[in-house]
Amino acid sequence: KVSRRVVVIKPDGTAKVYPNIKTLREELSLKPPTVNRALKSGLPLTRGPLKGWIFRDVDTPNSAAYTESSGKIRTSDSPD
């Protein structure tokens, strides 16, 4: 679905939520296969200008480590 919200997590831990995949692709100049692979795998990109960036659906359990209000990644060491 192109209408699902996506969170992009940079290597420094900062994150940004995009309202849909189309906006994400346009703002970051990414091609559909790159976004699709990144969302399916949940792993950081391994090459290119966005190396190390992680893409996740906001409304899935895989993004439970992300809290939209703080814009930071929650780790087991971080207090709630």
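Values below: every heavy atom of this structure, side chains too, minus hydrogens, waters and symmetry copies. Values in this document were obtained by computation on a predicted structure and should not be read as measured data.
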Q: Take Asp57 and Val6, measure what side chain to side chain contact (heavy atoms under 4.5 Å, CB included) needs, and give me the verdict at the end.
A: CA-CA 4 Å; Asp57 290 313; Val6 177; 4.2 Å; yes
**Q.** Least distance between heavy atoms, Pro19 atom then Arg5 atom
**A.** O-CG, 3.6 Å
Q | Pro33 side chain near Arg37 side chain, heavy-atom distance below 4.5 Å | A | yes
Q | Considering all heavy atoms, the nearest Ile21-Arg4 contact | A | CD1-NE, 3.3 Å
Q: Of all the heavy-atom pairs spanning Ile9 and Ala15, show the shortest one and how long it is.
A: CG1-CB, 4.1 Å
Q | Residue pair Trp53 / Pro44, side-chain heavy-atom distance below 4.5 Å | A | no
Q) Any side-chain heavy-atom pair from Leu50 and Val8 closer than 4.5 angstrom? A) no
Q. Of the non-hydrogen atoms in Ala38 and Leu45, which two are nearest, and what is the gap between them?
A. CB-CD2, 3.9 Å
Q.
Which residues pass the side-chain hydrogen bond (donor to acceptor under 3.5 Å, both in side chains) test with Thr23, not counting sequence neighbours?
A. Asn20
Q | Sub-4.5 Å side-chain heavy-atom contact between Leu28 and Phe55 | A | yes
Q.
Going by salt bridge (Lys or Arg N to Asp or Glu O under 4.0 Å), name the residues that satisfy it together with Glu27, two or more places apart in sequence or in a different chain.
A. Lys16
**Q.** Minimum heavy-atom distance between Lys51 and Pro11, given as atom pair plus value
**A.** O-CG, 3.8 Å
Q) Roughly how far, to the nearest 0.5 Å, is the CD1 atom of Ile54 from the CG atom of Leu39? A) 12.0 Å
